[in-house]
There are 2 protein chains.
Amino acid sequence: MKIGAIPDIVVSRLPQYLQALNLMKLEGKQTTSSQELGERLGFSAAQVRKDLSQFGEFGKQGTGYSISYLSKQLQSILNIDRIWDIVLVGAGDLGHAIANYQGFTNRGFRIALILDNDPQKIGDKIGQLEIQDFALARELIRKAGIEIAMLTVPASVAQTVAEEVVQAGIKAILNYAPTPLKLPPNILVQYLDPLIQLQHMTYYLAK
Amino acid sequence: MKIGAIPDIVVSRLPQYLQALNLMKLEGKQTTSSQELGERLGFSAAQVRKDLSQFGEFGKQGTGYSISYLSKQLQSILNIDRIWDIVLVGAGDLGHAIANYQGFTNRGFRIALILDNDPQKIGDKIGQLEIQDFALARELIRKAGIEIAMLTVPASVAQTVAEEVVQAGIKAILNYAPTPLKLPPNILVQYLDPLIQLQHMTYYLAK
DNA sequence: TAGATTGTTAATCGATTAACAATC
DNA sequence: TAGATTGTTAATCGATTAACAATC
């Protein structure tokens, strides 16, 4: 039996395992090994086995892991054996791109609410969804029982917007604005900043 | 004197230091301390000092770090004391959002070329730039001397597109498609996948 | 059975932190 | 000067890897 919390770095690899498994499923494969799974993602076989063993015994000696079974288990561990509703704040170009993206649903998520404060945009539709007034954020988010927000707003207002959605009951934020958010410690925040990743790579590019 | 390579995990924090410093600059601050810099980013003061000391002695005992000086040094270390041209492949919603984003220039980058293979899109303009035919990728990328690519293409073609731009001389790829790319080991690749980050957070959200 | 591969333990490796002399 | 804060060393902490008995 395992005691204590799972290291976050292990948790961060679970979605990657899941994604690789889903790809293998598409390829028609039935089973895989820690070796193969690791190779696809650049991890060692030992690390794959160690990570998975934190949550249970999912494999069989000699044959490896059933792809569909392990995939189901990981979905359950990550709490995506359900659909999570998301509120998207900011209906600019990036917001539109995200709202139109078809890849959320079969990976556990759905954009359920789109907010903006631009009167020009409020009332417009993106796909099936109407852009609604950010002034109504608290009411609408609470009513829909949404716990996850994606922010595609200008950096200058990201902090204010974040505080507002937290007031509305949001527990997790995926922030596309290049702004470190100061929020209560129980709020989960992740950042997506292409510049940070580009700058990471240029370190290694010859001068 | 330092010997040996800098750990990648240290390099990955440098863009974050730089971003925090730029924010402080905007706030009109002149100097900062390892303590303050760490607090903003969630790192310990000791870690900030340790990281920076890998590259030189940038601070002064008693007073800390000059924000503008440290910022310049980090820019130089990250090789962004210049502008890097980028080729953007995929002129869909996400490609448009990125091409219209104004934040690249003052952080060391410029979208210099946009490619797509859709005859409907080729010839259209995004801002000043005309979308050009991906069939001409090798020629155009080589002629422009571009080393960095951003891929906003469908997952199904990401691998093929990546191989093609590598043939054209691309050394670093920022991949928005949820596809692990198999490329020669000297090619730098970074991934931006919102689903991976959402799934990471749902692990911690109560069931 | 023989071969393959798991889950786990112990050893190794690497990253973070604490502490402090140096010094602005 | 006294207070503050650096850069660095040594200690601690945590993550990865190697190895192997168990077993499908």
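Each chain gets a letter, A, B and so on, in the order its sequence line appears, and its residues count up from 1.
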| Using a cut-off of less than 4.0 Å, is there contact between a side-chain N or O of B:Thr63 and OP1 or OP2 of D:dA4? | no

To the nearest angstrom, the CG-C1' distance between B:Leu52 and D:dT6 comes to 11 Å

From CG of A:Asp8 across to P of C:dA15 the rounded distance in Å is 17 Å

For the pair A:His200 and A:Tyr204, name the ring-plane relationship: parallel under 30°, tilted 30 to 60°, perpendicular over 60°.
tilted

Interatomic distance, CD1@A:Ile80 vs OH@B:Tyr203, rounded to 0.5 Å, equals 13.5 Å

*Within less than 4.0 Å of OP1 or OP2 of D:dT6, is there a side-chain N or O belonging to B:Ser34?*
yes

Taken to the nearest whole Å, CG/A:Leu37 to C1'/C:dG7 is 15 Å

Taken to the nearest whole Å, CD1/B:Ile9 to C1'/C:dC13 is 14 Å

Side-chain contact check for B:Gln61: nearest option of D:dT5, D:dT16, C:dA18 is D:dT5

note: A:Gln35, atom CD; C:dA4, atom P; distance rounded to Å ~ 13 Å

Return yes if some donor-acceptor pair links the side-chain N/O of A:Asp85 with the main-chain N/O of A:Ile146 below 3.5 Å, else return no. no

For the residue pair B:Arg13 and B:Phe43, would you count it as a cation-pi contact if the rule is NZ or CZ under 6.0 angstrom from the ring centre and within 45 degrees of the ring axis? yes

Between A:Phe43 and A:Gly62, whichever has its closest DNA chain D nucleotide further toward 5' is A:Phe43

Check: Can you find a heavy atom in the side chain of A:Pro180 that is under 4.5 Å from one in the side chain of B:Gln19?
Finding: yes

A:Lys60 NZ to C:dG3 C1', in whole Å, measures 17 Å

- Contact under 4.0 Å: B:Tyr65 side-chain N or O vs D:dG7 OP1/OP2: yes

Against the side chain of A:Ser33, the closest entry in C:dT5, C:dC24, C:dT8 is C:dT5

Residues pairing under salt bridge (Lys or Arg N to Asp or Glu O under 4.0 Å) where one sits in residues 25-50 of chain A, two or more places apart or in two chains, turn out to be A:Glu27-A:Arg40, A:Lys29-A:Glu36

From the candidates C:dG7, C:dT16, C:dC24, the one with an atom nearest any side-chain atom of B:Lys50 is C:dT16

Hey, does the side chain of B:Arg49 come within less than 4.0 Å of D:dT6's phosphate (OP1/OP2), counting only N and O?
yes

Notebook entry, point to check: Do B:Phe58 and B:Leu74 come close enough that some side-chain heavy atom pair is under 4.5 Å?
Noted result: no

Note on DNA chain D: ranges paired as stems (three or more Watson-Crick/G-U pairs in a row, both atom distances under 3.5 Å) are C:3-24 with D:3-24

From CZ of B:Arg13 across to C1' of C:dG14 the rounded distance in Å is 12 Å

Considering only heavy side-chain atoms of A:Gln47, the closest of C:dT17, D:dT17, C:dT8 is D:dT17

note: A:Glu57, atom CD; D:dT23, atom C1'; distance rounded to Å ~ 12 Å

